[in-house]
Structures are given as structure tokens and as C-alpha cells.
Number of protein chains: 2
Amino acid sequence: MGMLGKMDRIDRKLLNLMQRDASRTNVDLADEVGLSPSSCLRRTQRLQKSGVIDRIVAILNPAKAGRVIKALVAVELKLHGEQHMRRFLDIAITEEAVSHAYAVTGETDVVLMLRLRDMEEFDSLCERLFRDQTNVARFFTMMIIRTAKEETAIRL
Amino acid sequence: MGMLGKMDRIDRKLLNLMQRDASRTNVDLADEVGLSPSSCLRRTQRLQKSGVIDRIVAILNPAKAGRVIKALVAVELKLHGEQHMRRFLDIAITEEAVSHAYAVTGETDVVLMLRLRDMEEFDSLCERLFRDQTNVARFFTMMIIRTAKEETAIRL
DNA sequence: CAGAATGGTGCAATTTTATTGCAACGGCGC
DNA sequence: GCGCCGTTGCAATAAAATTGCACCATTCTG
């Protein structure tokens, strides 16, 4: 799995740069890491084919694209079997407002991250996910007051 | 803030496509949304300048880049004032293993998302963040067993 | 140790893409 | 109707990506 061993300092530098800004041209990146454009390009292409770089995506400004309200919900299931867990997660991940869904250890069984347009969407979501027939014993809602850090990049 | 009103169907289509794969060429995108390359390019440039597109980044495969272990930690502070909250968050966000940090409502005050190389890193992190002098009353660790969904894209 | 094999590099030629000027088109208010 | 504004497509230009090639360093092998 880990391909860190096959990577040198320049690969790591490239990955760090591209995690910050992947819109830079190959020529630009090559200049910064001190390689020729062709050589730099071969590295980035190799990093993509090997899967170290999963994909290149556009990150939107949530405030300018709607869905401003964020919340975390810790869910405790009634039935704790593997199949019950999977069933609940399958339902949860189909919801557009659910951006993250994790099975976790501890007091609760599942943690969901929500991105909501408004509280009405929260209300209707709760009705769909946390009703009697969905195997939910209890759930604890944590509205996110402030986002101090939200970092998808992996430091290398 | 919300600039959704000024966007038409093609803008939304472009944003959805670019959130999935921003490595596609402008020519390719133009073809898919049914515009000429020049016109399509002007749209994507406008979306970037207006800030709807915050940035273009490379997403790495965590398993192939280290930091395989993920955990959520709910933290309850001793002192709940605004300045105490800020002080704790300021310390937390400087930690590389802390990928997300939120101030939240509910039983606890702060939720952290951790990305760890190994449990030793978790141990040392706890010593730095959750000691007496860091204003932490209690903390609840939830190791992430399974990631059912992890979506940064915003559906439009 | 010599020679081959492997992998990475820079250069230069070629192909592809991005960028820009320009005229035309459509909606809208006056 | 007429002009205004923003958007479009086309074509020319500039920039970037891609590829073939020869060269160099390291490692493997006999």
C-alpha cells in the first residue's frame, strides 16, 4: 500500500505543491522543484498512474455555493450487528446533505457530517434517518459554530 | 454571499464536473457542456475569479501516502469562555495530525478529526493537547472503523 | 570488475491546449 | 425601434503538454 518508500524529496515536494494548488502549469511546477518540464511531467503522471494522486478536483466556496450550515451527528444504533450497521450507513450515504459518514468506536456507533442549506433540510433529514424504523436508538447533534481548520491535504 | 442566482444550468454543470475531475481539458469540458472552448474557458475563469471555485487541488490516496488511521475526538473544556475556546483551537490546529477542528454545540465543546500514521502519534498528540494545562476537562475518542462516505463536493 | 539493464534526466520537435481579438447575436430597458 | 450589455463562436496567436532521443547514474549480474 504505502508507496512512500519509492518517493524522493522531489516527489514529496510536488505532492505538497499540488495539494495546495493543482491549477499551476507543469512548467511552473518544474521551475519550482528544479526540474525540466518534461521530467516534471513524467513524475506527476507517474504519481497519478500509481494512485498516490487519487484525483484533481475543484474545491468550491461553500458560502458562495449554498449549504452554509454544518453539523456533526453522533448516532447510537439499537441493533449493533454488522448487517444493521451497513444498512444504516447505506441509507445515510444516499443523502446529499450527508458529506461524511463513519462507523466509529466509543459511546456511539456512527458519526455523520452534514452540510445543510437551512434548518428545514435538517428537520426533514432527521425524519428520514432517525425515525423508529431506521434502527436508531439515540442521536446527538452538534451544530458547528466555528471551523478552525478543515484540511484535506496530507503533509509529506 | 450566495452567487447561485447569477449562475445558469451550464455553470452548475461545469462546477459539478470540475468537482469530480478538474484535470480535464477545457476543450473536453466545453464539448460536454455544449459550448465552444473559448466560451467555456471564460466561464471557468469567471467562476474562479468570483470565488465560487476556491481552488484546484490534488487529492491524495491516504493509504498510499501514509496516515491511514483516522479518529474523531470530542473535547470538553474546563473553562468555556470565548478566549479559552480560541486558545485551545489555536493549539490544536497547529498539529499536523489534526485535519479538522470545529467548535460545536452540545455535550462537548470541540470536535477534532485526526489523521494518524500510527498509534504512537496518537499517544504523543494526546499528551500535548489533553493535559491538565490545556484546559481540557474530558475527551472522547472515536476511532474510525469504516469510512462509508467522504465527499468534499457540493451538489448543485 | 566489466558490461548490461534499469530508471531518470535535459533538449528539441511536435502536438495539443489555452488565450485573446473581433464581429455577431439575443435579451432588456428606454 | 434603438442602443446597451453580456455572451457566443470563430480564427489567429501564444503557451503548454507530450514524445522521441541521446545521455548519465545506479544497480544487477556474470
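The sequence lines fix the lettering, A, B, ..., with proteins before strands; numbering per chain opens at 1.
For Arg128(B), the side chain to side chain donor-acceptor pair (under 3.5 Å) partners are Glu95(B), not counting sequence neighbours. Taking Gln19(A) as the reference, nothing meets the side chain to side chain donor-acceptor pair (under 3.5 Å) condition, with sequence neighbours excluded. Not a single salt bridge (Lys or Arg N to Asp or Glu O under 4.0 Å) links Asp54(B) to another residue, sequence neighbours left out. A search for salt bridge (Lys or Arg N to Asp or Glu O under 4.0 Å) contacts involving Glu127(B) returns Arg131(B), not counting sequence neighbours.
Closest approach of Val33(A) and Cys40(A) over heavy atoms only: CG2-SG, 4.5 Å. For Asn16(A) against Ile154(A), the heavy-atom pair with the smallest separation is OD1-O, 3.8 Å.
The CG atom of Asp11(A) sits 8 Å away from the P atom of dT9(C) (whole-angstrom rounding). Distance Gln48(B) CD to dA18(C) C1': 13 Å, rounded to the nearest Å. A straight line from NZ of Lys49(B) to P of dT19(C) spans 11 Å, rounded to a whole angstrom. Taking atom CG of residue Leu35(B) and atom P of nucleotide dC25(C), one finds them 18 Å apart after rounding to whole Å. Atom CZ of Arg43(B) is separated from atom P of dA18(C) by 17 Å (rounded to the nearest Å). Taking atom CG on Asp8(A) and atom P on dG7(C), their separation rounds to 15 Å, with Å as the unit.
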One pair to check against salt bridge (charged side-chain N to carboxylate O under 4.0 Å, His left out): Lys149(A) and Asp90(B). What are the steps and the verdict? CA-CA 10 Å; Lys149(A) 187 176 188 179; Asp90(B) 284 346; over 6 Å; no
Given salt bridge (charged side-chain N to carboxylate O under 4.0 Å, His left out), test Glu96(A) with Arg67(A) step by step and report yes or no. CA-CA 11 Å; Glu96(A) 283 198 357; Arg67(A) 299 199 182 275; 3.5 Å; yes
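Residue pairs satisfying the salt bridge (charged side-chain N to carboxylate O under 4.0 Å, His left out) criterion with at least one member in residues 134-146 of chain B, sequence neighbours excluded, are listed as follows: Glu82(A)-Arg146(B), Glu76(B)-Arg138(B). Pairs of residues two or more places apart, or lying in two chains, never qualify as ring pair (Phe, Tyr, Trp, His ring centres under 6.0 Å) while including a residue from residues 50-83 of chain A. For residues 36-73 of chain A, the set of pairs meeting the ring pair (Phe, Tyr, Trp, His ring centres under 6.0 Å) definition, not counting sequence neighbours, is empty.
An end-to-end axis angle of 30° holds for the helix from dC1(C)-dG30(D) to dC30(C)-dG1(D), taken from five base pairs per end and rounded to 10°.
Of all nucleotides in DNA chain D having an atom under 4.0 Å from a heavy atom of chain A, the first and last in 5' to 3' order are dA16(D) to dC21(D).
Listed by residue number, the members of residues 20-31 of chain B with any heavy atom below 4.0 angstrom from DNA chain D form an empty set.
Within 4.0 Å (heavy atoms only), Ser39(B) reaches sugar-phosphate atoms of the nucleic acid but no base atom.
Around the CD atom of Glu107(B), the shell of radius 6.0 Å holds no more than 12 heavy atoms that belong to other residues, nucleotides or ligands.
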Provide a list of protein-nucleic acid N or O atom pairs under 3.5 angstrom, restricted to nucleotides 21-24 of chain C.
unit_1, atom_1, unit_2, atom_2, d
dG21(C), O6, Arg42(B), NH2, 2.9

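Summarising the hydrophobic clusters (Ile, Leu, Val, Met, Phe, Trp, Tyr; side-chain heavy atoms under 4.5 Å, direct or chained), the residues clustered with Leu77(B) are Ile69(B), Val73(B), Val75(B), Met85(B), Phe88(B), Leu89(B), Ile91(B), Val98(B), Val110(B), Leu112(B), Leu114(B), Leu116(B), Met119(B), Phe122(B), Leu125(B), Leu129(B), Phe130(B), Val136(B), Phe139(B), Met143(B).
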